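Let me begin by presenting the structure, written as structure tokens, before commenting on it.
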Amino acid sequence: MPDQPTPFPLPTFADVCAAAQRLDGHAHKTPVMRSATLDQRTGAHIFFKCENFQRMGAFKFRGAFNALSRFDAGQRKAGAIAFSSGNHAQAIALSARLLGIPAVILMPADAPQAKVDATRGYGGEVILFDRYRQDREVLTREIAAQRAMTLIPPFDHADVIAGQGTAAKELFDEVGALDYLFVCMGGGGLISGCALAARALSPNCQVIGVEPEAGNDGQQSFRSGTIVRIDTPKTIADGAQTQALGKLTFAIIRRDVQDVLTVSDAQLVQAMRFFAERMKMVVEPTGCLGLAGALHGGLRLQGKRVGVVVSGGNMDLQRYGEMLASGL
Ligand SMILES: *Cc1c(COP(=O)(O)O)cnc(C)c1O
């Protein structure tokens, strides 16, 4: 599809390369892993880009660190603010600490204590709010204005997208061109960055987004050509419980992504079990979307070179054990 003009500038592959330079020496170059068993079973050559081994346990460190690295002196002094109960919170807190920037994270008062502790442990100032009474976006903007802090959203931000794209850039740099790249999809920051890298480094690669069945807003948006908003979906893939794609991510996805598939929670648990049993990796449910999409999405992978982005591995261990043992 030819490039469609947008009324706002989109990040480019050059931005992904600039992000890679900023991340050099700060982010881990995560390993690319293989499974002979899976290759044999599928007849494909599958390359897993293991962002569960990234700093703080997910690719989100890439986007957060890149965005904060670009702050000017005034922004550094006042600091960064984010609202998130998930990996973005920890990514901002850790990146801010490494760069010597103050960070405020708004989290719902009923967020798991482990996540609040982890974010505080990375040095972030956590402000709890009542998600039934307070609108977190309004509250974040108020605090941001009071303290002159810069708001870094979890996906719809050019520097965040460019940072996330460095994961795919590393993958293509290491293994060369691919036929398919399967990417977990929530608000679409990861897949849009990866699609920018794919377009430049492996132009014939089909970039496929994978969402939980219950949260298929991205698929609906992709197919209808307009951003579709849904109620917060019920799924074990908590990193993909976003209600809608962003303006920037949707524009890139429309242009550079070939399809969006969905998988069931049971298929995610199956993939989680596969990672644990065969590859000895702890992968959170959202991180299993890519593999589940590759295995159950109906695409013929025989003889193909297939990349799968494993996006993260942060998860409450008790829940992890319960899911592995469950009948799902
Ligand atoms: C945030 C997150 C996603 C979704 O990323 P988007 O950029 O919102 O599409 C996927 N997996 C994990 C582990 C995440 O933390």
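Counting convention: from 1, in listed order, for ligands and their atoms alike. Values in this document were obtained by computation on a predicted structure and should not be read as measured data. We number each residue from 1, following the sequence as shown.
- Shown here are the side chain to side chain contact (heavy atoms under 4.5 Å, CB included) partners of A200, two or more places apart in sequence or in another chain: F13.
- A salt bridge links R223 to D259: one of the charged nitrogens lies within less than 4.0 Å of a carboxylate oxygen.
- Close approach of ligand 1 to S311 is summarised as follows: ligand atoms under 4.0 Å from at least one heavy atom of the residue are 10 (C), 11 (N), 12 (C), 13 (C).
- Listed by number with element, the atoms of ligand 1 under 4.0 Å from a non-hydrogen atom of F59 are 1 (C), 2 (C), 3 (C), 5 (O), 10 (C), 11 (N), 12 (C), 14 (C).
- The side chain to side chain donor-acceptor pair (under 3.5 Å) search around Q40 returns none, not counting sequence neighbours.
- The side chain of K60, and not its backbone, has at least one atom closer than 4.0 Å to an atom of ligand 1 (non-hydrogen atoms only; side chain from C-beta on).
- A distance of 6.0 Å or more separates the ring centres of F250 and F222.
- For the pair G287 and ligand 1, the shortest N or O to N or O distance does not fall below 3.5 Å.
- Where the criterion is an N or O separation shorter than 3.5 Å, residue side chain and backbone included, G187 meets it with respect to ligand 1.
- Geometrically, K304 does not engage Y180 in a cation-pi contact, judged by NZ or CZ lying under 6.0 Å from the ring centre and within 45° of the ring axis.
- G188 counts as a contact of ligand 1, since one of its heavy atoms falls under 4.0 Å from the ligand.
- Distances below 4.0 Å separate heavy atoms of N87 from the following atoms of ligand 1: 13 (C), 14 (C), 15 (O).
- Salt bridge present: R131 and D110 bring a charged side-chain N and a carboxylate O closer than 4.0 Å.
- For ligand 1, the atoms sitting less than 4.0 Å from at least one non-hydrogen atom of E284 are 13 (C), numbered in the order shown with element in parentheses.
- Close approach of ligand 1 to G189 (heavy-atom distance below 4.0 Å) involves ligand atoms 6 (P), 7 (O), 9 (O).
- With respect to D159 and R70, a salt bridge is recorded, a charged nitrogen being found less than 4.0 Å from a carboxylate O.
- Near M185, with a cut-off below 4.0 Å to any heavy atom, the atoms of ligand 1 are 9 (O).
- Heavy atoms of other residues, nucleotides or ligands lying less than 6.0 angstrom from CZ of R34 number more than 12.
- Here's the thing with G312: none of its N/O atoms is less than 3.5 angstrom from an N/O atom of ligand 1.
- The distance criterion of under 3.5 Å between nitrogen or oxygen atoms is met by L190 with respect to ligand 1.
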